[in-house]
2 protein chains.
Amino acid sequence: MSNRFGPDLLRGSLDLMVLSVLAGGSTYGYDLQQKLLAASNELVQLQAGTLYPLLHRLEADKLIRSRWEASTGRKRKWYEITAAGKQRLSTQTAEWDRYVACIESMLAPIRSAAPHPV
Amino acid sequence: MSNRFGPDLLRGSLDLMVLSVLAGGSTYGYDLQQKLLAASNELVQLQAGTLYPLLHRLEADKLIRSRWEASTGRKRKWYEITAAGKQRLSTQTAEWDRYVACIESMLAPIRSAAPHPV
DNA sequence: GCCAATATATTGCCACGCGATAGGTGGGGG
DNA sequence: CCCCCACCTATCGCGTGGCAATATATTGGC
């Protein structure tokens, strides 16, 4: 099964989501996937082919940092948000807010156009 | 100059925006571009290479309908939303709402994490 | 020992925003 | 009167990134 949102919707905010989860504490890929699933009320079901390339991109951009760790039992690749990542999270959040406000103002007339009459 | 939002953010909601504008009345491409610019407070500056292919896609999907019209002076291609388009607008709006709620719930802990202390 | 869940990774496909480019029309100023 | 410029639509190629499919290894339970 794939994602409940279209791939296009996700595209704008996947980085934001992942960074925000990692801002709440370090974790590894598979667990991140589960956390997103839970935090989104089962709506964001990230595929492995989406998740891992994304993490690699974020790491290449120095927004996150990784380390192989076996102390917790199984060998897993733990990710941690960097200072640059936190900064990006902040600017991305601000852009997200502007974006939502923008769309909402465009949808306003539609919404008030009585979908169900008084 | 390009769009003020990244291409990825736009991707999820461009259809929604265009349909919502057209739901407010028929118009032609160039004017739609200006309307979006104005309605978004200059934030959504759609390029021609984005706008026209998008309109053609929406028309191919029967969500909008076009007609060359010269009665208003210059020859322009007028677009009108169809019944299917209105229906799509409605479902897309609902999905948008779920999407925003989802992201907002993920951002909530970040926002409450004292960006500026009490 | 076998199987399912856990865990990471890669490849190819495809959609689409964007920059660049092109072509045509109409009106106002020189 | 003609030229320029704003207007208006269109297309091509590029890069990005989500996704399905696939591969591979590990661990715990039965």
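The structure presented is a predicted model; accordingly, all values stated were derived computationally and were not measured. Chain A is the first sequence line, chain B the second, and so forth, proteins listed ahead of strands; every chain is numbered from 1.
The distance between atom CD of B/E69 and atom P of D/dT9, rounded to the nearest whole Å, is 12 Å. When rounded to the nearest whole Å, the span between CG of B/L9 and P of D/dT16 equals 17 Å. When rounded to the nearest whole Å, the span between CG of A/L37 and C1' of C/dA5 equals 15 Å. What separates CG of A/D8 from P of C/dG17 is a distance of 7 Å, to the nearest Å. Between B/M17 atom CE and C/dC16 atom C1' there is a gap of 14 Å when expressed in whole angstrom units. In this structure, A/Y52 places its OH atom 16 Å from P of C/dT11, rounding to the nearest Å. Distance OH (B/Y30) to P (D/dC5): 15 Å, rounded to an integer number of Å. Here the P atom of nucleotide D/dA6 and the CG atom of B/D31 are 18 Å apart, to the nearest Å.
Between the side chains of A/S13 and A/Y99, no donor-acceptor pair of N or O atoms lies under 3.5 Å.
A 6.0 Å sphere centred on CD of B/Q87 holds no more than 12 heavy atoms belonging to other residues, nucleotides or ligands.
Within the 4.0 angstrom heavy-atom criterion, only backbone atoms of the sugar-phosphate kind lie near B/W68; the bases stay farther away. Backbone-only engagement by A/G29 is indicated by non-hydrogen atom pairs under 4.0 Å involving sugar-phosphate atoms exclusively.
Of all non-hydrogen atoms in A/G85 and A/L19, the two that sit nearest each other are O-CD1, 4.0 Å. B/Q47 and B/Q45 get closest at one heavy-atom pair: NE2-O, 3.1 Å. In plain terms, the two heavy atoms of B/A39 and A/S105 that are nearest each other are O-OG, 3.7 Å.
Among the nucleotides D/dC19, D/dC7, C/dC18, the one closest to the side chain of B/T50 is C/dC18. Which of D/dC19, C/dC18, C/dC16 sits closest to the side chain of B/R11 comes down to C/dC16. Nearest to the side-chain atoms of B/Y79 among the listed nucleotides C/dG17, D/dA10, D/dC7 stands D/dA10. For A/N3, taking side-chain heavy atoms from C-beta onward, the closest of the listed nucleotides C/dC16, D/dG18, D/dC19 is D/dC19. In this structure, the nucleotide among D/dT9, D/dA20, D/dG18 sitting nearest to the side chain of B/Y28 is D/dT9.
One finds a side-chain N or O of A/H56 lying less than 4.0 angstrom from the OP1 or OP2 phosphate oxygen of C/dT10. Put simply, B/R4 has no side-chain N or O that comes within less than 4.0 Å of OP1 or OP2 on C/dG17. Here B/Q47 does not reach the OP1 or OP2 of C/dG17: none of its side-chain N or O atoms lies under 4.0 Å away.
To the nearest 0.5 angstrom, B/S20 atom OG is 6.5 Å from A/M106 atom CE.
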Given the rule in the side chain to side chain contact (heavy atoms under 4.5 Å, CB included) test, do B/D97 and A/R111 qualify, once you have shown the distances and angles that lead to the verdict? CA-CA 12 Å; B/D97 288 340; A/R111 294 193 199 275; 2.8 Å; yes

List the atom pairs, with distances to 0.1 Å, where a side-chain N or O of residues 22-33 of chain B and a protein N or O form a donor-acceptor pair under 3.5 Å, not counting sequence neighbours.
residue: B/T27; atom: OG1; partner: B/D31; partner atom: OD2; Å: 2.6
residue: B/Y28; atom: OH; partner: B/R76; partner atom: NH1; Å: 3.3
residue: B/D31; atom: OD2; partner: B/K35; partner atom: NZ; Å: 2.4
residue: B/Q33; atom: NE2; partner: B/L46; partner atom: O; Å: 2.6

Heavy atoms under 4.0 Å is the rule here; annotate nucleotides 22-30 of chain D 5' to 3' with B where the base is hit, S where only the sugar-phosphate is, and - elsewhere. ----BS---

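Nearer the 5' end of DNA chain D, as judged by each residue's closest nucleotide, is the contact made by B/L51, out of B/L51 and A/L14.
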